[in-house]
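Throughout, protein chains are lettered first and strands after them, A, B, ... in sequence-line order, and every chain is numbered starting at 1. Model, not experiment: these values are computed from the prediction.
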Amino acid sequence: MYHFLQERLARRVLEYLERRYPGVSLPQVVIEQPPNVRLGDFAIPMFPFAKPLRSAPLKISEAIRTEIGAIDGIAEMTVAPPGYLNVRIDRVWLAAALAKDDEPQAQAASGKILVEHSSINPNKAAHIGHLRNAILGDTFVRLLRNAGREVDVQNYIDNTGVQVADVVVGFLHLEKKSSAEIATLIAKPRFDYYCWDLYARVSQWYAEDKQHLRMRAEVLHGIEAGNNEIAATADLIATAVLRRHLETMDRLDIEYDFLPRESEILHLHFWQAAFAKLKEAGVLTFEDEGKNKGCWVMRRAGTAKVNDSPGKLDDVLTHMGTSEGLGDRPSEIAEEDQKVIVRSNGTVGYVGKDIAYHMWKFGLLGRDFGYRRFYRYPNQHECWISTTDGEKNHPHFGGVTEIYNVIDARQSEAQSTVIEALRELGHDEAADHYTHFSYEMVALTPRCAAELGYELSAEDRSRSYIEVSGRKGFGVKADDLLDRLIASAKAEVDSRHPQMPDSDRQTIATQIAIGALRYFMLKYTKQSVIAFDFKDALSFEGETGPYAQYAVVRANSIFRKAEIDPESYATTASREIKSSNVTQYLAESDEIWELWQASSKTSYVVDQCICTTEPAYLAKHVFQLAQLFNTFYHHHPILTEPDEARKKFLLATVFVVRRELIRALSIMGITVPPVM
RNA sequence: GGGCGCGUAGCUCAAACGGAUAGAGCAUCGGAUUUCUAAUCCGAGGGUUGCAGGUUCGAUUCCUGCCGCGCCUACCA
C-alpha cells in the first residue's frame with residue numbers, strides 16, 4: 001500500500017514538472033522517508049532538479065505544493081529547507097485501505113523461476129554454514145511466491161565427488177567395514193554424525209601417509225564409472241546422508257521439489273552434449289603447449305580480453321568487428337587467465353559439469369533427466385530425484401526463464417565463468433537471467449571454538465573469526481544447534497507454563513527455536529560474515545525471532561481476553577475506520593500513525609528484498625513492526641479503554657499490525673506459538 | 001602478484017539510488033502506576049564512520065592513494 005502511494009506520488013510530480021517545464025530532460029523523482037514522522041511520510045529531495053530547471057530547490061517545492069492539485073491518498077505537502085518537499089499521507093485513507101487489506105495487486109511477471117539452494121555434499125552432517133544457505137534460499141523462495149511467482153526449488157547433489165569418495169575410503173579402508181556393517185550403521189539415527197567424524201579421520205589418515213591418497217583415486221574412479229561394488233556402496237552412503245539432510249531441513253520447514261544429482265549429469269552424458277556445443281561455438285580452446293598442454297580451457301571470468309597496453313585501445317576496437325577478434329586462440333589467453341574445463345586425461349572438471357547443468361536449467365541442452373519420487377514430506381509434498389531411467393509420469397523441471405543460485409561468495413568466480421560460457425554460446429537472455437545469490441560464510445568466534453573444545457593456535461585466538469572446516473570436523477552441526485535451541489526454549493516455556501501438557505510445551509519450544517534460528521540467519525546482510533557465537537544465537541531477547549513472535553502473542557491475547565476472533569475481525573475493523581472519530585485518533589498520535597504506516601510497507605519491503613536479493617530487509621521490517629507495537633502496547637491500554645469508539649479503533653490497529661507481522665514472519669518461515 | 005569483499009559505539013550489526021540530528025541489539029548503570037503475562041517498556045553513558053586527499057549544495061555511501069583483515073586465484077569438488 002505504501003509503495004502504491006509512493007509510485008502514484010512520483011508519477012504525479014513528474015507529470016506536473018513535465019507540464020510546467022516542457023522540453024526539459026528531468027532526473028528521476030526519488031522518494032525517501034523523512035528522518036521523523038513529524039516531518040511527513042514521504043520526502044522528495046529537490047536538489048537534482050535545481051540545475052535542469054534553473055530554479056532554487058525551495059522554489060520548485062513551493063510550486064509543486066501549490067499547483068499540483070489533489071492526489072487521492074495524499075493529505076498535504078510542506079516545503080522544508082534546505083530543499084525538500086515533504087508529503088503527508090491521508091491517514092484515514094491509508095487506514096481504511098489497510099483495514100480492508102485491499103492491496104492493489106501488481107501484475108506478477110510470468111515465467112517459472114528456479115531457485116537452487118543447500119547443495120550440501122552428501123558425505124557428512126549439515127553445519128551452520130549450510131543453515132545460512134538453506135534459510136536464505138528458502139526465504140527467497142517464499143518471497144518470490146508471495147510476489148505471485150511460480151518457483152521450483154532444487155538442491156543439487158554432488159554424489160560423485162571426492163568428498164563422498166573420502167567417506168567411502170573411510171568405511172572400506174580405514175574401518176574395513178563390510179556392506180552389511182555399513183547398512184547397519186545407516187539404519188541408526190544420525191548416520192550423518194558418524195560420517196562427520198569419519199570424514200575428519202580420513203583427512204587425518206591421508207595426512208599421515210600420502211600413499212593413502214591412492215585409495216581416494218581408486219574409489220573416485222569406481223564411483224565415476226558406475227555399475228560396480230564401490231559405486232553401489234558410495235550411493236548407499238550418499239543417499240542415506242542426503243535423507244538426513246532433508247530431515248534436518250524439514251525441521252526448519254525447508255522443502256525441495258527436485259534433487260538433481262551429479263551421477264546423472266555424468267551417466268546421461270550431459271557434458272558430452274554441452275561439450276559439442278561449446279566446441280562448435282568456439283567457447284573452449286585446446287591448449288597445445290604450456291602448463292595446460294592437452295587441456296580444453298576457457299578464459300577465466302573477469303580477466304581482460306586483450307593484454308596489450310592501454311594505448312592500443314583504438315587498434316582493439318577496430319579489430320572487434322572482424323572475425324579475428326572473436327574467439328580466443330590458445331596463444332591469446334595468458335596462462336594465468338586460463339580456466340581448465342577438460343583435463344589432459346579427457347575428464348571434465350566441475351565447472352564443465354556446471355555449464356552443462358545450467359544449459360539444462362534453461363532448456364538449452366537438448367537432454368533431460370529421468371525422474372523418480374524420492375521423499376515425501378509429512379505434509380504430503382513430494383520431492384523428486386534424478387535417475388537414469390525414471391517414472392513415466394513426473395512433473396516438468398528445468399527449461400525455466402530465470403534462475404537464482406544460492407551459493408556462498410567463495411564460488412563467485414566459478415559462477416561468473418558459467419554465466420560467461422552461456423553468454424559466449426549466444427544465450428545472452430539466459431545469462432542476463434542468471435543470478436548468483438552470493439552471501440558470506442558463517443565462521444566461529446574464537447570463544448565459540450574454545451567452548452566446543454577445539455585447540456586453537458595463538459594466531460587463531462587473535463582473529464575475530466575462524467572459518468569452519470568439514471575436513472577437520474571443525475564446526476557446529478545443524479541438528480546440534482537446533483537441539484540446543486529447543487532445549488533452551490523448552491526450559492523457558494517450562495518455567496512460564498508449568499501447568500501445560502509437556503507435548504504442547506515441546507511444540508511451542510520448537511516454534512520458538514526455529515523462529516530464533518531463522519531470524520538469526522536472516523538479520524545479517526548477505527555480505528557480512530556471521531561470526532557465530534552461542535550467546536547471540538541462543539538469545540531470545542532484543543532483535544530476535546522470539547521478540548517478534550511475542551508481539552503477535554500479545555496481540556492474540558488482547559483478542560482472546562476481548563473474546564473476539566482476530567481472523568474474522570476484518571469487516572468490523574474496516575467499518576470502524578470509517579467512523580468520524582478516527583480522523584482525530586490518527587491525527588493526535590504520531591506513535592499510533594507510525595504503526596499504521598509501518599504496517600503498510602510489507603509488500604514494498606518484499607519487492608525490495610527480491611530486487612536486491614536481500615532478505616535482511618524483511619527481518620528489519622519485522623523487528624521495526626514488533627518494536628513499534630510493543631511501545632504502543634505499553635502506552636495504550638485497550639481492554640480498559642472507556643471510550644468505546646476509541647477502543648474499537650485501537651483494536652483495529654492491533655488487528656492490522658498482527659496481520660502484517662504474521663504475514664511477514666511467515667515469509668521468513670516463522671510461525672507464532674499460541675502462548676509464550 | 002591479480003580479482004572480489006570488508007573496516008561504523010566496549011561487542012555484534014543497520015543506514016535502498018550520495019540527503020535532514022549516523023541508528024538498533026547485546027553488555028554496563030538507573031528506573032517502570034501488582035496491567036491486554038516483564039521473552040516487554042523508559043532513561044543514561046558510549047562515535048573524528050581505519051588514514052590522507054578529491055568530486056559537490058551535501059560523503060559512512062562515489063573516485064584516487066595508503067594501512068589492516070578475509071575470501072578466491074588447483075589438470076580438487
Side-chain angles (χ1 to χ4, degrees), chain A residues 28 30 32 34-36 39 43 45 47-48 50 57 80-84 86 121 158 160-165 216 220 262 287 291-297 300-303 336-345 347 349-351 353-354 408-414 416 438 440-441 443 445 463-465 467 489 492-493 496-497 512 516 523-525 527-531 533 535-536 539-544 546-547 549-551 553-562 608 611-612 614 616-617 620 623-624 626-627 630-631 633-641 650 654 675-676:
Chain A
Q28 223 193 331
V30 174
E32 346 181 296
N36 193 312
L39 294 169
F47 312 102
Y84 293 97
N86 287 339
N121 278 309
D158 177 10
T160 60
V162 286
Q163 301 222 28
V164 168
R216 171 199 272 180
L220 195 54
E262 186 153 285
E287 288 294 310
K291 179 169 77 102
N292 296 325
K293 184 176 176 182
C295 300
W296 287 88
V297 305
R300 194 182 296 289
T303 59
E336 64 270 22
D337 292 345
Q338 293 172 5
K339 176 77 195 165
V340 172
I341 305 298
V342 181
R343 303 180 193 111
S344 57
N345 66 4
T347 59
Y350 89 106
V351 175
K353 284 178 258 188
D354 224 21
D408 79 60
R410 287 171 290 197
Q411 300 271 7
S412 303
E413 194 182 276
S416 305
S438 171
E440 270 295 347
M441 62 185 173
T445 60
R463 295 174 197 270
S464 57
Y465 56 81
E467 190 173 358
E492 287 291 329
V493 179
R496 286 158 204 253
H497 304 283
I512 292 169
K523 76 173 177 181
Y524 299 91
T525 52
Q527 300 281 39
S528 149
V529 175
I530 297 182
D533 200 315
K535 179 177 131 315
D536 297 331
S539 168
F540 298 147
E541 287 163 21
E543 195 192 342
T544 65
Y547 176 90
Q549 289 171 315
Y550 188 62
V553 167
R554 284 179 144 177
N556 283 339
S557 72
I558 293 171
F559 280 106
R560 195 174 50 246
K561 283 269 165 79
Q608 292 295 307
C611 68
T612 57
E614 181 52 274
Y617 294 141
K620 292 279 176 268
F623 181 59
Q624 198 208 348
Q627 213 174 22
N630 278 329
T631 307
Y633 178 90
H634 271 267
H635 292 176
H636 304 278
I638 294 166
L639 299 181
T640 53
E641 170 62 47
L650 293 175
V654 177
V675 295
M676 280 177 79

What integer distance in Å separates A:N36:CG from B:rA22:C1'?
15 Å
Taking the P atom of each, how far is B:rA16 from B:rA20, in whole Å?
10 Å
Phosphate contact (B:rU73 OP1 or OP2) by A:R300 side-chain N/O below 4.0 Å
no
I'd like the P distance from B:rG2 over to B:rG58, given in whole Å.
35 Å
Testing B:rC36, B:rU37, B:rC13 for proximity to the side chain of A:H497, the answer is B:rU37
How long is the line joining CG of A:D354 and P of B:rC76, in whole Å?
16 Å
Which part of the nucleic acid does A:N86 contact within heavy-atom distance under 4.0 Å: base, sugar-phosphate only, or nothing?
base
Can you list the stems that include RNA chain B, where a stem is three or more consecutive Watson-Crick or G-U pairs with distances under 3.5 Å?
B:1-7 with B:67-73, B:10-13 with B:23-26, B:28-32 with B:40-44, B:50-54 with B:62-66
Do A:I558 and A:N556 come within less than 4.5 Å of each other through their side chains, counting heavy atoms only?
no
Could one point to a donor on the side chain of A:S528 or the base of B:rC13 with an acceptor on the other under 3.5 Å away?
no
Selected nucleotide, minimal atom distance to A:L39 side chain, candidates B:rU12, B:rA20, B:rU40
B:rA20
Checking all strands, does A:Y524 fall into the base, sugar-phosphate, or nothing category for heavy-atom contacts under 4.0 angstrom?
sugar-phosphate
Heavy atoms only: give me the nearest A:V493-A:I512 pair and the separation to one decimal.
CG2-CD1, 4.0 Å
Would you mind telling me which residue lines up with the more 5' stretch of RNA chain B, A:F540 or A:K291, judged by nearest nucleotide?
A:F540
Output the single nucleotide from B:rA39, B:rC41, B:rC75 whose closest atom is nearest the side chain of A:Y547.
B:rC41
What is the distance, rounded to the nearest whole Å, between atom CD of A:Q549 and atom P of B:rU40?
12 Å
Is A:S344 touching bases, backbone alone, or none of the nucleic acid, heavy atoms closer than 4.0 Å?
base
What's the closest nucleotide to the side chain of A:V493 if the choices are B:rA39, B:rC76, B:rU40?
B:rA39
Compare side-chain N and O positions of A:Y350 against OP1 and OP2 of B:rA74 and report whether any pair is under 4.0 Å apart.
no
Does A:N292 place a side-chain N or O at less than 4.0 Å from the phosphate oxygens OP1/OP2 of B:rC75?
yes
Here the distance between atom P of B:rC13 and atom CD1 of A:I530, to the nearest Å, is 8 Å
Sub-3.5 Å donor-acceptor pair from the side chain of A:Q28 to the main-chain atoms of A:V30, do we have one?
no
Using whole Å, what does the distance between atom P of nucleotide B:rC57 and atom CZ of A:F47 come to?
11 Å
Take the protein atom NE2 of A:H634 and the nucleotide atom C1' of B:rA32, then report the distance between them rounded to whole Å.
9 Å
Contacts of A:K353 meeting side-chain hydrogen bond (donor to acceptor under 3.5 Å, both in side chains) (sequence neighbours excluded), chain-then-number -> A:E262
Gap in Å between the two C1' atoms, one belonging to B:rG50 and one to B:rG70, rounded:
16 Å
C1' atoms of B:rG65 and B:rC29, separation to the nearest Å
44 Å
Figure out the OH/P separation between A:Y633 and B:rA32, and round it to whole Å.
19 Å
Which atoms of nucleotides 70-72 of chain B (N or O only) lie under 3.5 Å from a protein N or O atom, and what are those distances?
residue	atom	partner	partner atom	Å
B:rG70	OP1	A:R463	NH1	2.7
B:rG70	O2'	A:Y465	OH	3.4
B:rC71	OP1	A:E467	OE1	3.3

For B:rU48 versus B:rA59, give the span between their C1' atoms, rounded off to a whole number of Å.
15 Å
Report yes or no: is there a donor-acceptor pair, N or O only, under 3.5 Å between the side chain of A:E32 and the base of B:rC17?
yes
When you compare the protein's N or O atoms with those of nucleotides 23-29 of chain B, which come within less than 3.5 Å of each other, and at what distance?
residue	atom	partner	partner atom	Å
B:rA24	O3'	A:Q627	NE2	3.4
B:rG25	OP1	A:Q627	NE2	3.4
B:rC26	O2'	A:K535	NZ	3.3

From the options B:rC42, B:rC36, B:rA20, select the nucleotide whose nearest atom is closest to the side chain of A:A80.
B:rA20
Check every strand shown and say whether A:K339 touches a base, only sugar-phosphate, or nothing at a heavy-atom separation below 4.0 Å.
nothing
Among B:rA74, B:rA39, B:rC13, the nucleotide that comes nearest once only the side chain of A:P546 is considered:
B:rA39
Roughly how far apart, to the nearest Å, are B:rC11 and B:rU34 at atom C1'?
36 Å
Check every atom of B:rU12, B:rU40, B:rC17 against the side chain of A:V30 and return the nucleotide holding the closest atom.
B:rC17
Under-4.0 Å salt bridge between A:R410 and A:E440
no
Ring centroid separation A:F540 to A:Y547 under 6.0 Å
no
Between A:K535 and A:D533, is the closest basic N to carboxylate O distance under 4.0 Å?
no
Test side chain to side chain contact (heavy atoms under 4.5 Å, CB included) applied to A:Y550 - qualifying residues, sequence neighbours left out
A:R554, A:M676
Just by distance, do the side chain of A:S528 and the backbone of A:Y524 share a donor-acceptor pair under 3.5 Å?
no
Residue mapping more 5' on RNA chain B - nearest nucleotide basis, A:P81 or A:R560:
A:P81
Under 3.5 Å, is there a donor-acceptor pair between the A:E287 and A:Q338 side chains?
yes
Considering only side-chain heavy atoms of A:C295, which listed nucleotide, B:rC36, B:rC75, B:rA16, is closest?
B:rC75
State which residues pass side-chain hydrogen bond (donor to acceptor under 3.5 Å, both in side chains) with A:N86; sequence neighbours excluded, sorted by chain then number.
none
Do A:V654 and A:I638 come close enough that some side-chain heavy atom pair is under 4.5 Å?
yes
Side chain A:N292, main chain A:C295, donor-acceptor under 3.5 Å:
no
Between A:E413 and A:K339, does any NZ, NE, NH1 or NH2 come within less than 4.0 Å of an OD or OE carboxylate oxygen?
no
Rounded distance in Å - CG (A:N630) to C1' (B:rA32)
15 Å
Separation of the P atoms in B:rG23 and B:rU49, to the nearest angstrom
13 Å
Gap in Å between the two P atoms, one belonging to B:rC42 and one to B:rA24, rounded
10 Å
Under 3.5 Å, is there a donor-acceptor pair between the side chain of A:S412 and the main chain of A:A409?
yes
Hey, does A:A50 reach any base, or is it just sugar-phosphate, or nothing, if we go heavy atoms under 4.0 Å?
nothing
